[in-house]
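Presented below is the structure to which this report refers.
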Amino acid sequence: MPRSVSGVEMRKRQAAHIEAPPQAPGQPRPNTCCLCWCGCCKCLWNEDRMERSERQTCTKMDSIEAAEEQHPSLDEVLSWARSFEMMLRSLEGREIFREFLRSEYSEDNLLFWLACEELKKETNPPVVDEKARIIYEDYVSILSPKEVSLDSRVREGINQSLAEPSNLMYEEAQLQIYTLMHRDSYPRFLNSSVYRDLLANRRRTCLDT
């Protein structure tokens, strides 16, 4: 005759079945607040709501094959049209946007912004000094072939900061380039064949799965 199971044991077994599975390593929590580098936006994770028809048509990952190839999902590509900040947070988004900027000969604006992001993460003084001077020589100096569009006041501030470089010395210049890309390049990107073709491709892939 089988051994009876007590009420306490039964509840433990039931709880084990309904308990949520552990979160995969490296996977962001859905409500994790973003840390906008310029502090100009509120959390976008909570605002990331897709149109119901799009969500019913396609899941966050189009297919296992697409995930393995690290192709952006339809939801992610759509999110780039709603938020410039969302696009810059995405590795695939930055690469597609960079491809578009290259066609307009303004790729250096994004490269400068990314270099400044890396500098802000650095805390080792000798490394900060080296990276700050490399950014200056590559993008800010009047002798640089990659000169970005900065006004004279911002350039003068950078020149003065070179005496004692810091990881935040390009913050104002970075904001100026961010604003330029957001207001000027980003709207053209959304209307470009680079973005529209990608969006159409993701929709077709989504419908085929």
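Sequential numbering from 1 along the given sequence is applied to the chain's residues.
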Going through the distances and angles, do Leu114 and Arg94 end up as a side-chain contact (heavy atoms from CB on, under 4.5 Å)? CA-CA 10 Å; Leu114 291 172; Arg94 291 195 303 270; 3.6 Å; yes
Evaluate Glu104 against Arg188 for side-chain contact (heavy atoms from CB on, under 4.5 Å), listing each step before the verdict. CA-CA 10 Å; Glu104 291 200 335; Arg188 292 199 302 274; 2.6 Å; yes
(request) Under the side-chain contact (heavy atoms from CB on, under 4.5 Å) rule, what do Leu110 and Leu88 come out as? Steps first, then yes or no, please. (result) CA-CA 10 Å; Leu110 179 60; Leu88 288 185; 4.0 Å; yes
| query | For Glu156 and Arg153, what are the C-alpha separation, side-chain angles and deciding distance, and is it a salt bridge (charged side-chain N to carboxylate O under 4.0 Å, His left out)? | reply | CA-CA 5 Å; Glu156 181 58 30; Arg153 180 185 60 81; over 6 Å; no
Problem - side-chain contact (heavy atoms from CB on, under 4.5 Å) evaluation trace for Cys116 with Glu171 - result: CA-CA 7 Å; Cys116 293; Glu171 196 166 37; over 6 Å; no
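Proximity of a side-chain donor or acceptor of Asn159 to a complementary backbone N or O of Arg155 within less than 3.5 Å is detected. Judged by distance alone, the side chain of Asn167 and the main-chain N or O of Glu122 form a donor-acceptor pair under 3.5 Å. Side-chain atoms of Tyr170 come within 3.5 Å of backbone N or O of Ala132 as a donor-acceptor pair. Using modelled atom types, no side-chain atom of Arg203 and backbone atom of Leu74 make a donor-acceptor pair closer than 3.5 Å.
Under the 4.5 Å side-chain criterion, counting only non-hydrogen atoms from C-beta, Val128 is not in contact with Thr123. Contact check for Ser144 versus Glu137: no side-chain heavy atoms found under the 4.5 Å cut-off. Residues Lys146 and Val148 are not in side-chain contact: their nearest non-hydrogen atoms beyond the backbone lie 4.5 Å or more apart. Within the 4.5 Å cutoff, no side-chain heavy atoms of Trp113 are placed close to those of Asn109. Residues Met169 and Glu164 form no side-chain contact, since every pair of their non-hydrogen atoms from C-beta on lies 4.5 Å or further apart. Within the 4.5 Å cutoff, the side chain of Glu92 has no heavy atoms near those of the His71 side chain. With contacts defined as side-chain heavy-atom distances shorter than 4.5 Å, the pair Ser73/Arg202 does not qualify. At least one side-chain heavy atom of Leu180 sits under 4.5 Å from a side-chain heavy atom of Ser149.
Residues passing the side chain to side chain contact (heavy atoms under 4.5 Å, CB included) test with Ala200 are Arg204, sequence neighbours excluded. Every residue meeting the ring pair (Phe, Tyr, Trp, His ring centres under 6.0 Å) condition with Phe112, not counting sequence neighbours, appears here in chain and number order: Tyr139. Remark: Thr179 pairs with Leu175, Arg183 by the side chain to side chain contact (heavy atoms under 4.5 Å, CB included) rule, at least two apart or across chains.
Interatomic distance, Leu111 CG to Glu107 CD, rounded to the nearest 0.5 Å: 4.5 Å. The distance from atom OH of Tyr178 to atom CD of Glu85, rounded to the nearest 0.5 Å, is 4.0 Å. Atom CH2 of Trp80 sits about 11.5 Å away from atom CE of Met86, to the nearest 0.5 Å. Distance CE/Met181 to OH/Tyr186: 12.0 Å, rounded to 0.5 Å. The CG atom of Leu101 sits 4.0 Å away from the OG atom of Ser106 when rounded to the nearest 0.5 Å. For the atom pair CD of Gln174 and CG of Leu150, the computed distance is 11.0 Å after rounding to the nearest 0.5 Å.
For Glu99 and Arg102, the salt-bridge test fails: no basic side-chain N is under 4.0 Å from an acidic carboxylate O. Using a 4.0 Å cut-off between a side-chain N of Lys or Arg and a carboxylate O of Asp or Glu, Glu118 and Lys121 qualify as a salt bridge.
Leu168 and Val127 are not part of a single hydrophobic cluster, where members link through side-chain heavy atoms under 4.5 Å apart.
Ring-plane geometry between Tyr195 and Phe189 is classed as tilted, the angle between the planes lying from 30 to 60 degrees on a 0 to 90 degree scale.
Shortest non-hydrogen contact noted between Ile135 and Ala115 is CD1-O, 3.6 Å.
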